[in-house]
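The block underneath contains the structure these notes are about, expressed in C-alpha cells.
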Amino acid sequence: MEAESEPYVRLASLRQLHQVMADMNTARSLADTLQTVANGVVAALGYELACVNLVRPDGDLVVAALAGDPAAESLITGRVGSRESWERRLGMGETWGDLIFIPHTEGWILDDDDVPQWYTDGPAPRFDDEWHPSDRLFAPMYTPAAPGGNGTCGELIGVLSVDRPRNGRRPGAWGREALQMYAFQAAIAISNARLRANMQRALVRLEREQQALRASEESFRQAFEYAPSGMAIAEMGGDQHGRILRTNDALCRLLGRPASAMRRYSFSDLVHPEDIGTLLRTSAEGGRAELRLGRRDGTYLWVSLRNSVVADAADGPRFLLTHVEDIEDRKRRELQLAHRASHDSLTGLPNSAELRSRLSSRLCKRPQSTHPAAVDAMDAQGHPAFDTNGHGFDFRTDGAESFEAYDHHVHTVAPEDGARDDGTKGLAVLFCDLDGFKSINDRFGHNAGDAVLIEVARRLTRGVRDGDTVARLGGDEFVILADGLGSADAQDLAVRLRNEIIQPIRAEGRAVRVGASFGIGWAHCGMTADEVLKSADERMYVEKRSRPKQHRRAG
C-alpha cells in the first residue's frame, strides 16, 4: 500500500487491499493460500519483504512462504524455528494492538536464536520514526474464537513477519490497523484452506462408508454434483483399475457423453493413444497431468487432470478422485507459441534452430576412447562401428570393456563420392540458394521478394516426400533433409526442385523468375549439424560457380 499521510488514505489503496484479501480466499490449495498471503503484504501493504511462519503439529514454526526477495526465499523457506524462541519474540518489544514491534535497540539479543531470519544492511535512522534494518514487526495469526468462548481469538496458527517499509518509516496508525486486519483475514483464509484440503480427502471416503450419516452423504453429493469443473470417481487397483464409477454433470458436458455411458469406460479408454503413458504415471499414485480426452464426436480435448488417492476406510479399498479442467484454449496458445519459436514467420517452414535440431537427432557422436578394442570397433572412415542390431559400442578407459547401445538410433552413413549406384542410402542434405533474388528485391520491393520466398517454399514442400524436411535457413537460403536416398536419387531430386523453382512466379501483379543452385551434402555419424550444413553449402557454391552466370537464373 502506498505511503499516505494519516488519516488520509487513497481509495485505490483500499481497493488494492480488498483485492488481495479476496485473492487469499480464492486460492486453490493451502500452499497457494500461504504464498498469496505473503504476496499480498508486498503488493498492498507497502512492505518489501513478507514471511509466513506456520505452526506445525509439533508446535514449532516453519517458514511456509516468503515474498519480496528470491534470495531470501531460497535461503530460509522450509526452515524451522522453535516455539520457545517464537514465544520469546512475541513476549517482548512494543505492542501495537495485536502487533509486536521489536526495535533494533532490543532486537540484537535475538540475532543468535534459532528462528530463521534474513539480514539486511542499511544506514542508521536519521529521525525517530525511520525504519532501521534491524527493526522487527510481527503480526500473530489466530484461529477465530469458538462460539460462546471467553477469549477474542483462538489458538496461534502462525506469525506474519514484515520488513522494509517502502516509505522507509515505521507504520502509522492506519498502517498498523491495515496489517492487523490483514493478519486476521489471513488466519481465516489459512484455516479455510486447511478445511478445504481435509474435505477433499474425505469426499470419496464418505461415498463408500455405509455407516456415514445421511447429512454427510448429502454434503458430498452436492459438492460433487455441483462442482464447476469436471469430477469423477474411479476404481484404483485390481482388474478394474481406472474404471469410472461416477461423474458429475460438468464432466459429462465437457466430453459430450451422458453419465450412463461414462460408467462403461475407464480413463484409459478415453485418453488419446499418445497420452496413455502420462495417464498411467498420473493414476498410479495420484498427481497432476495435462493430456487429451476423447469427446463423443471423435475429437480430443486438452484437459488438466488431477488425481487424489482416497481410502474408503482404514484398510478398505482406495479410489481416485479426479478433477478435470478444460485447458484447450491455453494449450492451443502454447502450441502456437512453440510453433512460432521453431518455424519461420514468413514461409511457415522450420527455421534454422529447428533444422539443426532435426539434423542433430540423426547423428551420434564419435567415441573418444583410445582403447585397442575401440579402434577395432570403428569402420574404415573412423566412424563408430555398430553391431547387427544397429547398436553402437562404447569402451571404458580403465581397461575393462563395456558395451553401451545407442538405443533407437540408426547409424547414419553416406554414399561414397562419385558413386551413383553403389546401393548405399543415406540422409541427403540439399542446400538451396536462389539466383537472381536480390534483383527482385531491388527492382520491385521487399513485398515482391517475400511473395517469391513464400512461393518457393510452397514448391519445395510440394516437391519432396512426406517425412522429408524443408527448412528456411535465412534470407534466400533453404535446406532439404531427405532420408533414404542414394547419390543418383539426390541428384534427381535437386534437378526436379530446380525445375519447379524456375517456373514464373506471380509477385505484386507481375511475373518474375528466379533460379536456384543446389549443393548436396551427406550426413553421417561423427559429424555435427554445422559441419553437415557447411559441407552442403560449400558444394552449392562449387555448383553455382561451375555454371555460366546467364544460366543461373531462367528468364
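Since this is a predicted model, take the numbers as computed values, not measurements.
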Test your reading of the model: is there a side-chain donor-acceptor pair from Thr77 to the backbone of Ser74, 3.5 Å cut-off? no
Could you walk me through whether Asp489 and Lys425 pass the salt bridge (charged side-chain N to carboxylate O under 4.0 Å, His left out) test, one step at a time? CA-CA 9 Å; Asp489 299 328; Lys425 304 290 185 180; 3.0 Å; yes
Can you confirm whether the side chains of Ser266 and Asp269 place a donor and an acceptor under 3.5 Å from each other? yes
Using modelled atom types only, decide if a donor and an acceptor are shared between the side chain of Arg506 and the backbone of Gly509 within a distance under 3.5 Å. yes
Interatomic spacing from CG in Leu66 to CD in Gln35 - rounded to 0.5 Å: 8.0 Å
Does any non-hydrogen side-chain atom of Phe478 lie less than 4.5 Å from one of Leu453? yes
Side chains of Arg356 and Leu473 in contact at under 4.5 Å (non-hydrogen atoms): yes
What's the spacing between Ser304 OG and Glu325 CD if we round to 0.5 Å? 5.5 Å
Supply the atom-to-atom distance Asp492 CG to Arg496 CZ, rounded to the nearest 0.5 angstrom. 6.5 Å
Considering non-hydrogen atoms only, spot the tightest contact between Asp326 and Glu328 and give its length. OD1-N, 2.9 Å
For the residue pair Ala38 and Ala50, what are the closest heavy atoms and their distance? O-CB, 3.6 Å
May I ask you to check whether Asp435 and Ser517 show a side-chain donor-acceptor distance below 3.5 Å? yes
Given side chains that start at C-beta, do those of Phe267 and Leu305 come closer than 4.5 Å, heavy atoms only? yes
Can you tell me how far apart CG (Leu355) and CG (Leu533) are? Round to the nearest 0.5 Å. 5.5 Å
What I want to check is whether the side chains of Arg340 and Ser345 have a donor and an acceptor closer together than 3.5 Å. no
One pair to check against side-chain contact (heavy atoms from CB on, under 4.5 Å): Leu291 and Val303. What are the steps and the verdict? CA-CA 6 Å; Leu291 43 75; Val303 300; 3.9 Å; yes
Measuring only between side-chain heavy atoms, which start at C-beta, is Tyr300 closer than 4.5 Å to His272? yes
Rounded to the nearest 0.5 Å, what separation is found between the CD atom of Glu477 and the CZ atom of Phe431? 4.0 Å
Can you find a heavy atom in the side chain of Leu255 that is under 4.5 Å from one in the side chain of Met262? yes
Decide whether Thr469 and Arg358 meet the rule of one side-chain donor and one side-chain acceptor closer than 3.5 Å. yes
Identified side-chain contact (heavy atoms from CB on, under 4.5 Å) partner of Met231 from the options Leu321, Asp249, Thr247, Leu251: Leu321
At their closest point, which heavy atom of Arg79 faces which heavy atom of Leu75, and how far apart are they? CD-O, 3.3 Å
Between Ser360 and Ala529, the two heavy atoms sitting closest are OG-CB, 3.4 Å
Could you go through Leu349 and Arg458, starting from their C-alpha distance and side-chain angles, then the distance that decides it, and tell me whether this counts as side-chain contact (heavy atoms from CB on, under 4.5 Å)? CA-CA 9 Å; Leu349 297 177; Arg458 188 185 69 82; over 6 Å; no
Quick check with a 6.0 Å cut-off and a 45 degree axis cone: is Arg257 positioned over the face of Tyr265's six-membered ring? yes
Pairwise distance CD(Glu531) to CG(Leu359) - rounded to 0.5 angstrom: 10.5 Å
Steps toward side-chain contact (heavy atoms from CB on, under 4.5 Å) verdict (Leu346, Arg472): CA-CA 10 Å; Leu346 176 65; Arg472 184 186 177 199; 3.7 Å; yes
How far apart are the C-alpha atoms of Asn499 and Val495, what are their side-chain angles, what is the distance that settles it, and do they pass the side-chain contact (heavy atoms from CB on, under 4.5 Å) test? CA-CA 6 Å; Asn499 291 337; Val495 171; 3.7 Å; yes
Assess the side chains of Thr278 and Asp275: does a donor N or O sit below 3.5 Å from an acceptor N or O? no
Looking at side-chain heavy atoms only, is the closest gap between Cys432 and Val456 below 4.5 Å? no
Cationic N near anionic O, under 4.0 Å, Lys534 to Asp537: no
Ion pair present between Arg292 and Glu274, side-chain N to carboxylate O less than 4.0 angstrom? yes
Identify the two heavy atoms, one from Ala490 and one from Ala428, that lie closest to each other, and give their separation to 0.1 Å. CB-CB, 4.1 Å
Non-hydrogen side-chain atoms of Leu481 and Arg362 separated by less than 4.5 Å: no
How about Arg330: does its CZ atom have over 12 heavy atoms from other parts shown lying under 6.0 Å from it? yes
Ser357 side chain to Glu354 main-chain N or O, any donor-acceptor pair under 3.5 Å? no
Quick one: closest heavy-atom pair of Ala64 and Leu34, and the distance? CB-CD1, 3.7 Å
Pairwise side-chain contact, Asp483 with Leu427, heavy-atom cut-off 4.5 Å (strictly under): yes
Basic-acidic side-chain contact under 4.0 Å: Glu500, Arg459: no
Would you confirm whether Asn248, through its side chain, and Ser229, through its main-chain N or O, come within 3.5 Å as a donor-acceptor pair? yes
Going by atom types alone, do Asp297 and Thr299 pair a side-chain donor with an acceptor below 3.5 Å? yes
Check ion pair Lys331-Glu334 (N to O, under 4.0 angstrom): yes
